[in-house]
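As the structure lists them, so they are numbered: ligands from 1, and atoms in each ligand from 1. Just so it is clear, the model here is predicted, and its values are computed rather than measured. Excluded from the calculations below are hydrogen atoms, water molecules and symmetry mates; all remaining heavy atoms, backbone and side chain alike, are included.
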Amino acid sequence: MSNYHIKHLEEYFQVYRKSVRNPEAFWEEVAEEHFVWLKKWDRVLDWDFTKPEIKWFEGAQLNITVNCIDRHRHIRGQKTAILFEPNDPNEEAEHITYNQLHERVCRMANVLKDKGIKKGDRVVIYLPMIPELAISVLACARIGAIHSVVFAGFSSTALATRINDCGAKMVLTSDGSYRGNKTIDLKAIVDEALNDCPDVETVLVAKRIDSKIKMKDGRDEWLQPLVDKAYADCVPEIMEAEDPLFILYTSGSTGKPKGMMHTTAGYMVYTAYTFKNVFQYREDDIYWCTADIGWITGHSYIVYGPLANGATTVMFEGVPSYPDFGRFWQIVEKHKINQFYTAPTAIRALAKENLDFVSKYDLSSLKVLGTVGEPINEEAWHWYNDHVGEKKSPIVDTWWQTETGGILISPIPFSTPTKPTYATLPMPGVQPALMDENGNEIKGNPADGRLCIKFPWPSIARTIWGNHQRYKDTYFSAFKNKYFTGDGALRDEVGYYRITGRVDDVIIVSGHNLGTAPIEDAINEHPAVAESAIVGFPHDVKGNALYGYVILKETGETRDRDNLRKEINQQISDKIGPIAKLNKIQFVPGLPKTRSGKIMRRILRKIASKDTSNLGDTSTLLNPEVVEQIMKEAL
Ligand code: PRX
């Protein structure tokens with residue numbers, strides 16, 4: 001039996017039992033046998049969810065890039081590590097071998113060092129999906145700098161908030177990016193953000209779209225000439241197991257985004273382990289995850305997990321609709337992709353198009369299909385299974401979060417029988433629990449409750465950067481001694497989990513987490529707006545879309561409504577990014593509130609979803625008449 005590579009269901013159950021009976025022994029064996037350590041740990045696990053404090057492999061020393069790059073060189077130095085597929089299908093794909101990756105990461109690491117970046121410094125990376133993005137991430141890890149990648153679709157305000165929150169001294173960006181047949185001036189967005197970021201000393205700019213950009217003297221420099229001059233080897237920094245590896249921001253239901261901090265050893269062990277098992281990766285496979293490295297999926301399952309296993313991992317710069325809706329499948333055929341990992345929203349968008357876009361390509365290389373980021377509905381699941389997987393490639397519906405670092409619940413392909421819409425069973429070492437409203441664990445099956453995890457797994461985020469109290473309040477206060485995920489879930493008769501969605505004020509739109517409060521704040525800054533409330537409503541492609549109820553100030557009452565709608569969405573785009581724009585905006589005279597002044601979102605959600613036959617208990621409403629009026633004018 002192999003703990004590291006599960007090959008059938010019986011083995012899964014055996015490994016799972018072992019992992020729960022003695023988690024320390026289980027993870028110790030995995031860590032011992034599959035990674036390179038400069039020094040082994042003194043203690044496997046130390047934890048206390050009440051503080052909360054979690055430490056894995058304390059005392060160990062390592063560098064994650066040695067595990068992701070150096071150790072592969074003598075056996076697979078000529079193997080492609082990163083396969084870059086550009087936005088334009090006519091531009092040649094780039095195969096970066098493990099040897100070349102080593103050189104490029106070392107050169108970049110030396111550039112960072114020359115610019116004064118040291119272990120523990122924060123570097124914000126605001127780059128499109130070009131090789132420099134993965135290389136920058138790894139270069140930071142090489143020298144012990146803490147990377148914080150900001151998705152290059154975020155606005156300048158969102159970027160500035162993140163730069164300031166983590167106290168970055170340096171920003172890595174590019175002149176611009178391609179998105180289908182459009183270009184985006186990333187450098188201009190960075191310039192704008194940096195007006196509010198006094199601590200940033202250096203901006204290094206990769207050339208991608210060859211546009212004319214402004215360079216600020218003494219602050220901005222082109223990256224490539226520096227890389228060309230840099231020395232091609234860089235001794236890896238010695239990292240302690242619990243040294244921070246990266247900070248990645250995720251939306252909360254209130255307040256500013258949360259900088260989830262992940263540390264080195266546990267994150268490495270867990271992402272590598274889950275990559276191997278969830279995708280059943282074999283030496284010559286070509287693996288492709290379509291996510292952006294700006295999200296956790298890209299961190300864990302484009303960069304670290306695959307590279308730790310010596311895999312070939314594809315980085316795609318473009319979008320699924322350019323030059324047409326067959327692009328994904330054209331790439332699958334071209335590179336003979338074996339494992340394909342994407343989001344339900346992409347599947348739903350492609351399923352709406354003509355089947356010819358899929359059927360004209362040879363997809364026979366595919367062995368495993370994955371989804372992530374939001375619940376997958378039954379129809380999309382079947383379309384994916386029938387037309388992409390041709391009913392022979394198991395679908396792994398992987399449930400996890402930015403906070404969890406790696407996949408927690410997922411089938412293991414060829415072992416776990418799949419069931420549409422179910423993420424199925426916990427990974428080894430993961431102990432889920434469903435809780436009722438009184439805070440008690442619901443034992444037995446079937447069950448329906450709030451999803452918690454009872455025991456630490458190696459890649460759990462250790463804190464929220466600069467705000468440990470918020471970390472405790474958000475994840476460890478709702479249920480005693482348990483990590484609370486914020487999700488609701490069902491457990492069926494055989495113990496399979498189905499994630500039903502968020503139970504807080506986070507709304508998942510096209511797989512992106514959006515908190516209601518930051519969007520409402522952005523709207524309320526519009527001079528004509530008095531107050532607003534955002535809810536989600538079902539959308540056939542995005543999963544959820546946003547519906548905004550807006551109360552205007554007297555000065556706004558006379559304004560043209562369509563213009564106001566445009567301005568409000570522009571305001572959201574400027575403050576957060578286009579992903580947070582509202583699908584519908586209804587101007588209302590008031591919002592339904594309880595006597596204590598809380599907005600009754602439940603009612604607003606029902607109206608937005610056109611499900612008003614039973615509004616539930618409205619007896620605590622301060623202003624029931626407003627509900628009638630909102631319903632009458634609902635969009
Ligand atoms: O609600 C769950 C949903 O996405 C949330 C986490 O979002 P984020 O931190 O952005 O990470 C997404 C990529 C890991 C979860 O709380 N979610 C994620 N995967 C699934 C899912 N919901 C249902 N099924 C999934 N497979």
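Those atoms of ligand 1 with a heavy atom of Thr402 less than 4.0 angstrom away are 8 (P), 9 (O), 10 (O), 11 (O). Interface of Ile499 with ligand 1, defined as ligand atoms under 4.0 Å from a residue heavy atom, comprises 22 (N), 23 (C). Taking every heavy atom of Ile508 and a limit of under 4.0 angstrom, the matching atoms of ligand 1 come to 1 (O), 2 (C), 3 (C), 4 (O), 5 (C). In summary, the atoms of ligand 1 found under 4.0 Å from a heavy atom of Trp400, numbered by their order in the structure, are 6 (C), 14 (C), 15 (C), 18 (C), 19 (N). Near Val372, the atoms of ligand 1 lying under 4.0 angstrom from a non-hydrogen atom of the residue are 13 (C), 14 (C).
In terms of protein heavy-atom proximity, atom 15 (C) of ligand 1 is closest to Asp487 OD2, 3.1 Å.
His8 and Ser415 form no side-chain donor-acceptor contact under 3.5 Å, judged by distance and modelled atom types alone. Remark: the Asn277 side chain and the Tyr4 side chain contain no N/O donor-acceptor pair separated by less than 3.5 Å.
Salt bridge Glu353/Arg327: absent, no basic N to carboxylate O contact under 4.0 Å. Salt-bridge check for Arg348 with Asp540: failed, with every basic side-chain N at 4.0 Å or more from each acidic carboxylate O. Using a 4.0 Å cut-off between charged nitrogen and carboxylate oxygen, Asp487 and Arg502 count as a salt-bridge pair.
For residues 292-321, every residue pair satisfying the salt bridge (charged side-chain N to carboxylate O under 4.0 Å, His left out) rule, not counting sequence neighbours, is listed here: Arg208-Glu317.
When the side chain to side chain donor-acceptor pair (under 3.5 Å) test is applied to Tyr304, the partners found at least two apart in sequence or on another chain are His147.
Contact annotation for Glu374 and ligand 1: only backbone heavy atoms (N, CA, C, O) come within less than 4.0 Å of the ligand. In His512, neither the side chain nor the backbone holds a heavy atom less than 4.0 Å from any atom of ligand 1.
Considering backbone and side-chain N/O of Thr371, none are found under 3.5 Å from N/O of ligand 1. When only interatomic distances are considered, the shortest N/O to N/O separation between Gly373 and ligand 1 falls below 3.5 Å.
Heavy-atom contacts from other residues, nucleotides or ligands closer than 6.0 Å to CZ of Arg601 number more than 12.
Considering only non-hydrogen atoms, atom 13 (C) of ligand 1 lies nearest to Thr297 out of Thr297, Leu408, Asp397.
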